[in-house]
Amino acid sequence: MDISEDILNNLYNGKININEKNPISKEYNELLGESNKILEEKEKELLNEYIEKKAQISSIECEEKFIEGYKIACKLIIYGIK
């Protein structure tokens with residue numbers, strides 16, 4: 001992995017954090033509380049496992065697409081300079 005890919009991986013994976021503060025609104029907290037009341041414990045566990053696996057899959061896909069998009073953008077810039 002070259003240095004640009006390493007930087008992109010670190011940026012994507014949050015090791016380089018450009019958004020230090022993420023404000024959470026009152027509306028967000030209310031919706032979170034309501035959503036937690038809906039499911040029973042057993043259903044919650046299954047849903048959480050499913051969501052976690054889907055998030056992992058999505059994370060891998062997004063990281064790869066982010067890096068590929070960046071590489072394409074760099075190639076376009078280099079082509080435009082010529």
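Since the model is a prediction, treat every value here as computed from it, not as a measurement.
Atoms CG and NZ, from Asn9 and Lys15 in turn, are 8.0 Å apart once rounded to the nearest 0.5 Å. One finds the CD1 atom of Ile67 at 4.5 Å from the CD atom of Glu63 (value rounded to the nearest 0.5 Å). For the atom pair CD1 of Ile72 and CD1 of Ile77, the computed distance is 12.5 Å after rounding to the nearest 0.5 Å. Note that CD1 of Ile81 and CG of Leu76 are 11.0 Å apart. Values are rounded to the nearest 0.5 Å.
Take Glu52 and apply the side chain to side chain donor-acceptor pair (under 3.5 Å) test, not counting sequence neighbours, and it matches Gln56. Partners of Lys71 by side chain to side chain donor-acceptor pair (under 3.5 Å), not counting sequence neighbours, listed by chain and number: Glu5.
Each ring-ring contact (aromatic ring centres under 6.0 Å, His included) pair with one or both residues in residues 36-56, not counting sequence neighbours, would appear here, but there are none.
Other residues, nucleotides and ligands contribute at most 12 non-hydrogen atoms within 6.0 Å of the OH atom of Tyr70.
Across all non-hydrogen atoms, the minimal contact from Tyr12 to Ser58 is OH-O, 4.5 Å.
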